[in-house]
Amino acid sequence: MLALDIETEPVKGFPQEYALQPWRVQEGSARIGSIAIGKETGESLVTTKSYRTLLMGLEGKNVITWNGVFDVAWLIAYGYWDEVKKIKWFDAMVLWKWVDNSQRKERMPAWSLSDGAKKWCKDEPWLEAFLEMKAKEEVAGGNDAYWETRAKLDAIVTAKICEKVIQNLTAQQLKSAMIEAETIPEVARSWIMGERMDYSLVDSVLPVITEEMRDIEFRLGVSNATTAHEAALFQRDVTTWTPSKVLRSPKQLSDLLYDKWKLKAKSFSEKTGQPSTDKTALTYLADQFDKVIEILRWRELNTQLTKYLQSPLKAKEYLGSEVVHPTPRIFSTYTGRFTYTSKTARKFQTGVALHQWPRNKEFRRLIVPPEGYKHVEFDAAGQESRIMAHQSGDAAMVNVFQNNMKFHAMTGAKIAGMSYDAFMKGRETGNSAINSEHGLYYQGKFINLSSNFRVGTRKMRIQARVQYGMNVDFLTVKNWQDTFFRAYPGIKTYWKAAILKAKTKGYAETLGGRRFYLTDWSKDSQWATESSAIMFPIQGTGADMKNLGLRELARHYPDFLFAYDLHDGLHFWVKEDVSDDTLIEARDMLDQMDYEKEWGVQMRVPLTWDVSVGPRWSELEEL
DNA sequence: TGCTAACGCGCC
DNA sequence: AAAGGGCGCGTTAGCA
């Protein structure tokens, strides 16, 4: 066991927090202070120079880190990509998650090296001293002797923890964890590369949005302008305008709707009993009051303004660059998905909310590939439905995917009471009942996407209305659900089996062997715990699959630059001269991934991928 | 002023 | 009786 730990620091004269921002290396404002190597035997060394030589000496070796994306990112920022790629990276922190991923929250604050030491090195004589040292508030770069000692000890402890953690993993878990770990360099590089934003578009979209917001406010009489003079100023110059506080505040908006306008509230907050002003409440109110449509529109614009325009502008200012750096974290959600964060602990804006980026082209076009590259997305086709088909073994679902039929069409046919063939014929010949905006195909899609888990009729009806714009009555939705579960009876059987399995074993499990321990079966939590038992093997297997896809692409297409993850979609920057044939070949490789070999599972249905390419995110076209 | 809770909402 | 799940981010309200 060989562990590596990097201490980083701002270059003299730059802010302390730059020690956590590896992309600062490029501008010369942050650097590596030292690199330590430790073994679980207690041997260690630390160096402040010849990093490349050090890395070359590690070629072919297993090297353990604690939150490896961080350390590896610094090495990549220093230009050691080739050396980094020749090392087999492990992450003891992530391995610990593989062991202890649980519903229990007693471990907070989670996954620090100190907590790891407390958990895995309880009986070690040095534990107290180690924790004491970690608790000391030394400033990075401030005290060389302290940091050298600390780096060495961190490395030794990391190695020690790793040794113990690995003994608690099954062979299958270790295999899947290694697949995940192999993506560390790609993920680290994506953090360093960041996402280039088209700020000229930000500048051109911003006034359009603010003007519409301002105009809505005046029509509704909720502008912040308190005098005629101020109102005139807002009208003349939108840059002086500030967003209405009444519309932003749930409290003030409910006063407006339910007191001043005397509308009748239909839903209320769970916790405080306050009348709701959320999208659902407003959507139903909007049926009777046109003004409420304007409020809905205003709120949509407000989110776009603050989250997708102003925050990127804050990032640009803080970074001094048009490239933003959201921080990726592997195995971050308990199902194994990635998360991204856009702000530091001290609230500095370093990135943008990639995982929430609007589907709307107007916003997707703000994110652009590096010069000379195009945007390529590999997305796992109908991922959750296919995994559900496998997990449930439902004969009809399995049949659909085995025979390359269209799942949404199959469900559409079921609710129409038609045969699949007739439905497909209608689809091809332009039957409007099938193909229209909210027609049977669209309904089939909606039902498929919302029925894998236990959604109630009421909730599903609201979803149809609020998310899909379909105004349907309770009985219609009930009928959809009944038809769906009659068509695919294996799904409810899977629910029962998944709950029973989780109860019996104490954990839910993915096909890759990732576990989530479910401990709270009390009356209050039972529903939620059961839902996790159902959902975890589906969503978590999706994460396993995504990790495997990323690893395979990294292995076989090393020139594709991994850009970011969107759960069932892997996004890459690829050189402009790479042909469509090459992309299709890569897609085919993903389709052929050997789950028997990787997971020890014979898949009942193929897990397929789609590939799309374009000059930027908003212009992807499927190949 | 600084913090958390509550609410709301974007994505998968 | 009824109940999708998983996240991160931005705002206001309310408290110390």
Side-chain angles (χ1 to χ4, degrees), chain A residues 103 242-255 267-283 295-296 299-312 314-315 326-329 331-343 346-347 349 351-360 363-364 379-380 382-385 388 449-460 462-463 466-467 481 491 495 498 508 516 523-540 542-543 546 564-571:
Chain A
Q103 197 180 23
T242 54
S244 163
K245 290 200 187 306
V246 176
L247 295 185
R248 268 189 175 177
S249 157
K251 174 92 176 63
Q252 294 185 44
L253 181 57
S254 91
D255 288 346
S267 59
F268 299 85
S269 141
E270 288 253 327
K271 282 186 181 144
T272 60
Q274 286 296 308
S276 300
T277 59
D278 63 13
K279 198 169 178 178
T280 300
L282 296 190
T283 300
I295 297 176
L296 278 165
R299 278 235 288 245
E300 186 184 9
L301 294 165
N302 185 49
T303 302
Q304 292 175 345
L305 173 68
T306 57
K307 208 167 176 179
Y308 308 117
L309 297 175
Q310 289 179 339
S311 288
K314 282 181 197 159
T327 310
R329 229 190 303 273
F331 198 165
S332 179
T333 76
Y334 72 69
T335 59
R337 285 178 165 186
F338 285 35
T339 61
Y340 287 91
T341 48
S342 317
K343 287 197 290 196
R346 294 180 60 198
K347 309 299 175 207
Q349 191 83 37
V352 301
L354 268 187
H355 270 168
Q356 296 134 272
W357 208 257
R359 300 192 57 127
N360 183 339
F363 289 89
R364 295 220 157 169
D379 75 294
Q383 191 189 50
E384 289 198 345
S385 297
M388 177 59 93
L449 294 180
S450 28
S451 302
N452 273 348
F453 308 109
R454 302 182 300 183
V455 190
T457 313
R458 190 187 123 90
K459 174 86 180 171
M460 190 162 160
I462 290 170
Q463 230 172 38
V466 177
Q467 312 292 333
Q481 289 185 314
I491 291 184
W495 292 353
F516 183 51
K523 262 220 153 61
D524 279 355
S525 307
Q526 189 181 340
W527 178 267
T529 302
E530 287 178 1
S531 294
S532 293
I534 292 168
M535 180 277 296
F536 180 83
I538 307 293
Q539 196 185 101
K546 186 264 306 292
Y564 51 93
D565 144 290
L566 238 68
H567 303 315
D568 61 353
L570 291 168
H571 293 253

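In this text, all values refer to a predicted model and were calculated from it rather than measured experimentally.
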Discussion item. What's A:Q463 touching, base or sugar-phosphate or nothing? Going by heavy atoms closer than 4.0 Å.
Written reply: base
Worksheet item: Base, sugar-phosphate, or nothing for A:W527, non-hydrogen atoms under 4.0 angstrom?
Response: base
Practice prompt. Give the first and the last nucleotide of DNA chain C, reading 5' to 3', that has any atom under 4.0 Å from a heavy atom of chain A.
Written response: C:dA3 to C:dA13
Discussion item. Just to verify, what does A:S254 make a side chain to side chain contact (heavy atoms under 4.5 Å, CB included) with, not counting sequence neighbours?
Written reply: A:Y258, A:Q274, A:P275, A:T277
Response to the item:
By nearest-heavy-atom nucleotide on DNA chain C, the more 5' of A:L449 and A:K314 is A:L449
Worksheet entry | Start and end of chain A contact along DNA chain B [non-hydrogen atoms, under 4.0 Å] | B:dA6 to B:dC12
Response to the item:
Across all chains, not counting sequence neighbours, the side chain to side chain contact (heavy atoms under 4.5 Å, CB included) partners of A:K251 are A:S249, A:D255
Worksheet item: What nucleic acid atoms does A:S269 come within less than 4.0 Å of, heavy atoms only: base, sugar-phosphate, or nothing?
Response: sugar-phosphate
Worksheet entry | Which residues share a salt bridge (charged side-chain N to carboxylate O under 4.0 Å, His left out) with A:R299, sequence neighbours left out | none
Discussion item. Suppose we screen for ring-ring contact (aromatic ring centres under 6.0 Å, His included). Which residues come up paired with A:H355, at least two apart in sequence or across chains?
Written reply: A:Y340, A:H567
Fill in: Sequence-distant partners of A:V455, side chain to side chain contact (heavy atoms under 4.5 Å, CB included), two or more places apart
A:K459, A:M460
Worksheet item: Looking at residues at least two apart in the chain, or sitting in another chain, which of them share a side chain to side chain contact (heavy atoms under 4.5 Å, CB included) with A:A353?
Response: A:K307, A:S342, A:Q356
Discussion item. Please classify the nucleic acid contact of A:F536 as base, sugar-phosphate, or nothing, using heavy-atom distances under 4.0 Å.
Written reply: nothing
Worksheet item: When all nucleic acid strands are considered with a 4.0 Å heavy-atom cut-off, which category describes A:R329: base, sugar-phosphate, or nothing?
Response: nothing
Fill in: Results of ring-ring contact (aromatic ring centres under 6.0 Å, His included) for A:F516 - residues two or more places apart only
A:Y334, A:F536
Worksheet item: How would you list, by chain and number, every residue that makes a side-chain hydrogen bond (donor to acceptor under 3.5 Å, both in side chains) with A:T306, sequence neighbours excluded?
Response: none
Worksheet item: Do A:T335 and A:M535 touch side chain to side chain, with heavy atoms closer than 4.5 Å?
Response: yes
Item to complete: Give a yes-or-no answer on whether the side chains of A:T529 and A:Q103 include a donor-acceptor pair shorter than 3.5 Å.
Response: yes
Item to complete: Could you identify which residues of residues 270-281 of chain A place a heavy atom less than 4.0 Å from some atom of DNA chain B, listed by residue number, or say none?
Response: A:K271, A:T272, A:S276, A:T277, A:D278, A:K279
Item to complete: For A:F338, enumerate each residue passing the ring-ring contact (aromatic ring centres under 6.0 Å, His included) test, keeping only those at least two apart in sequence or located in another chain.
Response: none
Practice prompt. Indicate, with a heavy-atom threshold strictly under 4.0 Å, whether A:R337 touches base, sugar-phosphate, or nothing.
Written response: base
